[in-house]
2 protein chains.
Amino acid sequence: MAKTIAQSDFAQLYASAGRACGLLKVLANPDRLLLLCHLAEGECCVSDMEVALDIHQPTLSQQLGVLRDEGLVATRRAGKHIYYKLASPESIAIINTLQAQFCKPSKK
Amino acid sequence: MAKTIAQSDFAQLYASAGRACGLLKVLANPDRLLLLCHLAEGECCVSDMEVALDIHQPTLSQQLGVLRDEGLVATRRAGKHIYYKLASPESIAIINTLQAQFCKPSKK
DNA sequence: TTTATATAATGTTATATGCTATAATGTCAA
DNA sequence: TTGACATTATAGCATATAACATTATATAAA
């Protein structure tokens, strides 16, 4: 017992996989991942990210747009600048796991 | 201090992001994700996965091939059957995180 | 008008996905 | 050892989709 998967359980599993996949697809891009890692250290405005990550403006704005549309980041305007920060617990959890796995021994 | 990113650090960051992305791309497919979740419960042979997940044979074998090529799973032959199991600590970590985030309140 | 950011429009290229068909490998019986 | 069968893997397509960079332009605030 407990090995049998009922219909409804399977449907639920399938739905969860779909949602998880959606998130994974958004994360599966080096620019976006780098952006999110950068934002994991705190709020940041677009022009600072442009300098920090060396991504040029329209590309950056486009990728930020994807992150916004998917609810991974939230924005706040301050004068001319727009500040971004992480906004999704699920994606933060994944980012943390990724950092633990791929950036482990960076600082002692 | 500690906010400045040196050149080599950036290169390393970029390399890590690339590797992480590679893994994320493999995970970002519902069939593969479901397979991995299923394998997270233990070793399983192809025909059983076919039944359990209702993916038809060539598709299943193709996706398993992707997982094999990327080193996420390992195989073992036993007679006519080939058994698969998880083989990558990084992907196991992500799967666990995903399950915690997306399949949380499944059983009390 | 200038600076900061977003969007549009576009072209190219790559990737994903799902088929059908067939190959390869192992088992077992005769 | 051969033949038939079961299990799994691959090949080869067709098609949809989306990824990406680029140029140009729009919006919004100062």
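As a basis for the values below, the full set of heavy atoms in this structure was taken, side chains included, without hydrogen atoms, waters or symmetry mates. Chain naming here is simple, since letters A, B, ... match the order of the sequence lines and numbering starts at 1 in each.
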Using a cut-off of 4.0 Å on non-hydrogen atoms, how would the nucleic acid contact of B:G65 be classed: base, sugar-phosphate, or nothing?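 No contact at all - B:G65 keeps every heavy atom at 4.0 Å or more from the nucleic acid.
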Mapping B:Y84 and A:A78 to their closest nucleotides on DNA chain D, which lands nearer the 5' end?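 Looking at the nearest nucleotide for each, B:Y84 comes out on the 5' side.
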Using atom [atom1] of [X] as one end and atom [atom2] of [N] as the other, report the distance to the nearest whole Å.
X	N	atom1	atom2	value
B:L67	C:dA16	CG	P	13 Å
B:E50	C:dG18	CD	C1'	15 Å
A:L64	C:dT7	CG	C1'	13 Å
B:D69	D:dA9	CG	P	11 Å
B:Q57	C:dT22	CD	P	15 Å
A:Y83	D:dA29	OH	P	16 Å

Table of protein N/O atoms under 3.5 Å from nucleotides 2-4 of chain C N/O atoms:
{"unit_1": "C:dA4", "atom_1": "O3'", "unit_2": "A:K80", "atom_2": "O", "d": "3.4"}

For the residue pair [X] and [Y], establish whether any side-chain heavy-atom pair is separated by less than 4.5 Å.
X	Y	result
B:L34	B:I55	no
A:Q99	A:I95	yes
B:T97	A:L98	no
A:L23	A:L72	yes
B:V66	B:V26	yes

Closest heavy-atom pair and its distance - [X], [Y]:
X	Y	answer
B:F102	A:R19	O-NH2, 3.4 Å
B:S88	B:G71	CB-O, 3.6 Å
A:V73	A:A87	C-CB, 3.7 Å

If hydrophobic clusters are built by linking Ile, Leu, Val, Met, Phe, Trp and Tyr wherever their side-chain heavy atoms come under 4.5 Å apart, do A:Y83 and A:L36 end up in the same one?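 Different clusters: A:Y83 never reaches A:L36 through Ile, Leu, Val, Met, Phe, Trp or Tyr contacts under 4.5 Å.
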Which of B:R68, B:R76, B:E43 passes side chain to side chain donor-acceptor pair (under 3.5 Å) with B:Y84? It is B:R68
How does protein reach along nucleotides 12-23 of chain D, written 5' to 3' as B (base within reach of a heavy atom under 4.0 Å), S (only sugar-phosphate), or - (no contact)? --------SSBB
Terminal axis angle for the helix from C:dT1-D:dA30 to C:dA30-D:dT1, five pairs an end, nearest 10 degrees: 30°
Quick check: are there more than 12 heavy atoms from other residues, nucleotides or ligands sitting under 6.0 Å from CG of A:D48?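 Counting neighbours around CG of A:D48, more than 12 heavy atoms of other residues, nucleotides or ligands fall under 6.0 Å, so yes.
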